[in-house]
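Quick notes on the structure that follows.
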2 protein chains.
Amino acid sequence: MAAAIAIADADGLAAVSMRAVAARLETGAASLYRYLSSRDDLLDLMADRVAAELRPYPEPDGHWLDTLLRMARAQRALHERHPWLSELIQRASAIGPETLAFFDACLGVMAPLPAPPTAKFEAIAMMNGIAVLFARQRTAGGASPFAGLDLTPYPHLVAALTQPPAAPPATDLFDRALGGLLRGLLAPDPA
Amino acid sequence: MAAAIAIADADGLAAVSMRAVAARLETGAASLYRYLSSRDDLLDLMADRVAAELRPYPEPDGHWLDTLLRMARAQRALHERHPWLSELIQRASAIGPETLAFFDACLGVMAPLPAPPTAKFEAIAMMNGIAVLFARQRTAGGASPFAGLDLTPYPHLVAALTQPPAAPPATDLFDRALGGLLRGLLAPDPA
DNA sequence: GTAAACTGCAAACGTCGTTCGCAGTTTTGG
DNA sequence: CCAAAACTGCGAACGACGTTTGCAGTTTAC
């Protein structure tokens, strides 16, 4: 399992073949089936294993939003360390004990809030999604995706690309975006 | 290509094998390579083909935010029609002319705004991400992902699940969340 | 000390993407 | 009008994949 995670970190999920994992363990591919029922099993275990890196969960001492944001930042860092994770968590079977524990901890932080459970589940889904979104942006931020393309039919695009990049924004967008979203979902609407 | 999209809509991306596509076209698998250089090529073409469904782009008559929200809603509807699309757009090679045209249209709507280009690109990425997020939530909303799991170690989870589901929120979360996000990214910060 | 259980693994099966080579057809050009 | 060239369809095969089977070799249980 650690071998599989190492391969995925290095060469992506597609490189995690039973034969590759077995080779790294200096054994045969068929031997893995003594411990795993299938490759999907292995992927599920990988997802839940790295989810353990979200521990320890922060103590809910401050405001609930601060605590949730801390947890969301941990999620983003996790997805930056393991870019392949986002491909796995959209599979329902990848929900293991560690993932559930994180869910439960989030719900624990939100427990004092009067919002209905459906809103809380939506809020957790948003946390996950935003964390993945920002992690991907940082992970794939290397090369410009417009290299080698004929951009002449797209005037606004060339205008935006020729303009020099400005300084990064002062406050972190992640906190502002997610904070606003969670507040809108969970807090009694002040509007 | 239409055959491949039909297969993906019906049975998912994994079912789009060269042999399956060829069978639906009543031909041999090798024949496809007269028109496609690889399966990845086919996937890229599929992604750009369905991106054409985003047309016609709305006229930028109202406020820029209204126009962007309309375009984001079209994206969400697209991802609900083709759930496999979200797996494709994270590949850089999937950026085709239709995708670029949509990008360009978004930038056109944002053209009067004084925000730097980087902020506008981030805003488009957020639009994409949020649209995928909401589409997935509606697509995979069928069965509860906690079926057949032992939830006893997760007290907050069982507490939330036993509570009866409340009525859905009044205003659409999609507009509120994305609107707030885009305003925060693009409009001069009033804080 | 024998029986039972467990472990490792080569070989094989079916499916996948892809390539090759060869027929059959269409287009070209003199 | 016909041969040369180009294009098209595709059966067969290659390597890699996930997975199963069967059999040795080893460990455990009684």
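What you are looking at is a predicted structure, and each value in this text was computed from that prediction instead of being measured. Just so it is clear: chains get the letters A, B, ... in the order the sequence lines come, proteins before strands, and each one is counted from 1.
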#### Entry: Side-chain heavy-atom pair B:Gln75, B:Leu54 within 4.5 angstrom cut-off
yes

### Message
Quick check on C:dG8: is either OP1 or OP2 less than 4.0 Å from any side-chain nitrogen or oxygen of A:Thr27?
### Response
no

### Query
Quick one: B:Leu25 CG to D:dC10 P, roughly how many Å, whole number?
10 Å

### Task
List for me each residue that meets side chain to side chain contact (heavy atoms under 4.5 Å, CB included) alongside A:Leu151, sequence neighbours excluded, and say none if there are none.
A:Phe146, A:Leu149, A:Tyr154, A:Leu157, A:Val158, A:Leu161, B:Leu100

### Query
OH of B:Tyr35 versus P of D:dC7: gap in Å, rounded?
12 Å

### Task
Give the intermediate values and the outcome of salt bridge (charged side-chain N to carboxylate O under 4.0 Å, His left out) for residues B:Asp9 and B:Arg81.
CA-CA 8 Å; B:Asp9 285 343; B:Arg81 271 196 301 275; over 6 Å; no

### Message
One character per nucleotide, please: for nucleotides 15-27 of chain D, 5' to 3', B when the base has a protein heavy atom closer than 4.0 Å, S when only the sugar-phosphate does, - otherwise.
### Response
--BBBB-BB----

### Lys/Arg-Asp/Glu bridge criterion (N-O < 4.0 Å) met for B:Arg76, B:Asp172
yes

### Query
Have A:Asp150 and A:Thr152 got a donor and an acceptor in their side chains that come within less than 3.5 Å?
yes

### Query
Atom CG of B:Leu13 and atom P of C:dG17: how far apart are they, to the nearest Å?
12 Å

### Task
To the nearest Å, give me how far apart CG (B:Leu32) and P (C:dG17) are.
10 Å

### Task
Taking the side chain as every heavy atom from C-beta outward, state whether B:Leu43 and B:Leu13 have any pair of such atoms under 4.5 Å apart.
yes

